[in-house]
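What follows is a single structure, written as structure tokens, with notes after it.
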Amino acid sequence: MALVEEPTAAATLASPPPPPPAHFVIVPLVAQGHTIPMVDLARLLAERGARASLVTTPVNGARLRGVAEQAARANLALELVELPFPAGVDGLPPGIENVDQITDKNHTVPLFDALKKLAGPLEVYLRGLAARPSCLISDWCNGGWTAGVATSLGIPRLFFHGPSCFYSLCDVNAADHGLHKQTAAAADDQEKFVVPGMPVHVEVTKATAPGFLSSPRWEALWNECMEAMRTADGAVVNTFQDLEHQFVTCYEAALGKPVWTLGPLCLANRDVEAMASRGNKPDVVQQSVVTAWLDAKGTDWVVFVNFGSLVRKLPKQLFEVGHGLEDSGEPFLWVVKELEVEAPEAREWLEALEARTAGRGLVVRGWVPQLAILSHRAIGGFLTHCGWNSLLESIAHGVPVVTWPHFANQFLNERLVVDVLRVVVPVGATSPVMVFDDENVPVPWGDVARAVSALMSGGAEADERRRKAKEYGEKAHMAMEKGGSSYENLTQLIESSGKVVAKKG
Ligand SMILES: *[C@@H]1O[C@H](CO)[C@@H](O)[C@H](O)[C@H]1NC(C)=O
């Protein structure tokens, strides 16, 4: 832990002490896709001279140890604050502290109930600090339980929203115009609704609509988060002006508060070690196998296939992906989760596929450092579930994508990259695959093969797509460099954080 030294009495005799650095307390949601960008944010703040405290729990803290150690070696004021995980929450087995540990969907709401109980320990921690922090930044989904804590201590509070600004704007507009209720009540799953108040035409169906009102308990949680969003002092989003300028402007207007665009936050990681340690402890052996395999391939040669940390595909869904990749004829690097190939038939099938595609394809099992892979010159395409981090990591590295949204904000993230940015080939998914045991097979292997070939096989259209993707990659890097829009937004945020006066209710 690299703690900032408090000014000593002796120092004050000689000259007035420098003002203490701005201190940001960051409260990520305990899900990989939410935590990773906020860890990047903490690192960036510390690199820019602020102090950053990442609030977490023991299981999640263990995963972040590598990040903390790296920061300490670099002498950065980044620390982990581990709050004890609330015990004895109804319906939650002990040991589960992260969304990705859940294997029974009935444990999801209890996990969120447990998080609410962190309000007390968070307040104790904040009250115990020598000085009041400058600012609290909590995940949009933690808004409900952190708002009261920030208010009672008089600390300004920003919310961090993980998806594209385009999605977040759709969500606010849908709420403001009552669209959520209409889509939730739709009898026909494919009935189309226009999202009101958008600067471009956006259509959604019940399955692709923003918000998560699938049950009364989720609706209650969603309402609390919406309320906390309305009472926050501003928003932090992981995007950049050149990518989403018009939606950022509209989002600021719709919220009536500042929106800080600080991304792509993944570019805070400049070396492979930082890229590999940001989300989880990397498997060093597997990583070196992957790197050696990629090193032997041509530039822009391989399509990377990974569907994010949450989705667990059933064997019949894996089958469509695998045969699609095989049939595309393109070199591929495919990430399969251990749980997905637990059944002996699934394992045997996959091993046979590996044998048939040996040399051309590599299948890795378990968690991989995606960012390090995407930054490798051999990766020329990405088949993704359209989680915003994945899309943005791809954009930041100039890699064009095949889009296959699975659930939640992913369908609207897809609309942004398809309709507005035009750097993708959609696989053509119109219905979701949920996280647990969803029997739906929305995309047959023929569509996978067609989309992957279209992206990877060359030709005028593919070349133009690749050129555009590289252009966005360059703009992303420029945004994060001195003088760039995200860099300057961060400067502004640090400078103004001490001066923001927390609004009451
Ligand atoms: C972020 O940067 C953009 C462009 O440089 C600027 O227009 C905007 O006002 C900045 N946002 C905030 C909240 O300062």
Side-chain angles (χ1 to χ4, degrees), residues 29 33-34 112 139-144 147 158-232 234-239 243-259 261 385-388 391 403 405-421 426 429-432 434-435:
L29 182 70
H34 292 247
F112 280 86
D139 189 282
W140 191 89
C141 299
N142 285 337
L158 308 178
F159 66 89
F160 172 85
H161 213 358
S164 59
C165 205
F166 174 82
Y167 168 82
S168 302
L169 177 64
C170 286
D171 197 20
V172 168
N173 283 339
D176 286 348
H177 294 88
L179 182 69
H180 291 113
K181 298 260 184 264
Q182 290 174 40
T183 52
D188 171 6
D189 276 358
Q190 293 302 320
E191 186 185 343
K192 296 221 166 33
F193 297 86
V194 174
V195 181
M198 294 296 291
V200 295
H201 183 79
V202 186
E203 280 181 352
V204 292
T205 63
K206 183 178 192 155
T208 65
F212 46 99
L213 307 184
S214 52
S215 73
R217 293 188 72 186
W218 279 118
E219 186 170 351
L221 176 69
W222 186 80
N223 284 335
E224 283 169 25
C225 297
M226 284 304 259
E227 174 61 20
M229 174 185 88
R230 307 269 184 210
T231 57
V236 170
V237 286
N238 186 10
T239 190
L243 191 67
E244 293 202 83
H245 174 71
Q246 61 173 330
F247 307 114
V248 175
T249 309
C250 295
Y251 192 43
E252 252 179 343
L255 290 174
K257 52 188 98 223
V259 172
T261 54
H385 68 309
C386 297
W388 184 240
L391 279 178
T403 54
H406 281 58
F407 58 89
N409 57 60
Q410 296 159 8
F411 285 93
L412 280 166
N413 293 339
E414 181 193 42
R415 293 270 53 88
L416 172 71
V417 289
V418 173
D419 298 339
V420 186
L421 308 182
T430 56
S431 66
M434 301 314 282
V435 176

Self-check item: Pairing residues for N409 by the side chain to side chain contact (heavy atoms under 4.5 Å, CB included) criterion, not counting sequence neighbours
Solution: P163, Y167, N413
Practice problem: Please name the pair of heavy atoms, one in N173 and one in P196, separated by the smallest distance, quoted to 0.1 Å. | Solution: CB-O, 3.1 Å
Quiz prompt | Under the side chain to side chain contact (heavy atoms under 4.5 Å, CB included) test, residues paired with A209 that sit two or more places apart | solution = T183, V204
Quiz item: Taking only residues two or more places apart in sequence or in another chain, which ones pass side chain to side chain contact (heavy atoms under 4.5 Å, CB included) with A429?
Solution: W404, P405, V427, V443
Quiz item: Which value, rounded to the nearest 0.5 Å, describes the distance between F112 atom CZ and C141 atom SG?
Solution: 5.5 Å
Quiz prompt | From E219 atom CD to E224 atom CD, the distance as rounded to the nearest 0.5 Å | solution = 11.5 Å
Exercise. Go through the structure and list residues passing side chain to side chain donor-acceptor pair (under 3.5 Å) with E414, not counting sequence neighbours.
Key: T403
Quiz item: What is the distance from atom CG of N223 to atom CE of M226, rounded to the nearest 0.5 Å?
Solution: 8.0 Å
Quiz item: Once you round to the nearest 0.5 Å, how far does CD of Q182 lie from NE2 of H177?
Solution: 11.0 Å
Exercise. Looking only at non-hydrogen atoms, find the nearest pair between A147 and A228 and report the distance.
Key: CB-CB, 4.2 Å
Quiz prompt | Which residues share a ring-ring contact (aromatic ring centres under 6.0 Å, His included) with F193, sequence neighbours left out | solution = none
Quiz item: In Å and rounded to the nearest 0.5 Å, what is the CG to CE distance from L412 to M198?
Solution: 8.0 Å
Quiz item: Are side-chain heavy atoms of M229 and V172 found at a separation under 4.5 Å?
Solution: yes
Tell me which donor-acceptor pairs under 3.5 Å the side chains of residues 243-251 have, and how far apart each pair is, sequence neighbours excluded?
| unit_1 | atom_1 | unit_2 | atom_2 | d |
| --- | --- | --- | --- | --- |
| E244 | OE1 | C165 | N | 3.3 |
| E244 | OE1 | F166 | N | 2.8 |
| E244 | OE2 | C165 | N | 2.9 |
| E244 | OE2 | T239 | OG1 | 2.7 |
| H245 | ND1 | Q241 | OE1 | 2.8 |
| T249 | OG1 | H245 | O | 3.0 |

Quiz item: F160: what forms a ring-ring contact (aromatic ring centres under 6.0 Å, His included) with it, not counting sequence neighbours?
Solution: none
Quiz item: Which residues pass the ring-ring contact (aromatic ring centres under 6.0 Å, His included) test with H385, sequence neighbours left out?
Solution: none
Quiz item: Going through the distances and angles, do V195 and L179 end up as a side-chain contact (heavy atoms from CB on, under 4.5 Å)?
Solution: CA-CA 7 Å; V195 181; L179 182 69; 4.2 Å; yes
Exercise. Kindly state each residue pair satisfying side chain to side chain donor-acceptor pair (under 3.5 Å) with at least one member in residues 191-201, sequence neighbours excluded.
Key: H201-E203
Quiz prompt | Residue list, salt bridge (Lys or Arg N to Asp or Glu O under 4.0 Å) with D189, at least two apart or on another chain | solution = none
Practice problem: Just jot down the side chain to side chain contact (heavy atoms under 4.5 Å, CB included) partners of R217, sequence neighbours excluded, or say none. | Solution: V109, D113, S215
Quiz item: Using 30° and 60° as the class limits, which term best fits the ring planes of W140 and W222: parallel, tilted or perpendicular?
Solution: tilted
Quiz prompt | Heavy-atom pair with the smallest gap, counting every atom of Q190 and T430 | solution = NE2-O, 3.9 Å
Quiz item: Any donor-acceptor pair under 3.5 Å linking the side chain of W388 with the backbone of N238?
Solution: yes
Quiz item: Considering residues at least two apart in sequence or located in another chain, which fulfil the salt bridge (Lys or Arg N to Asp or Glu O under 4.0 Å) criterion with E252?
Solution: none
Practice problem: For A175 and H180, work out which heavy atoms get closest and say how close. | Solution: N-CE1, 3.2 Å
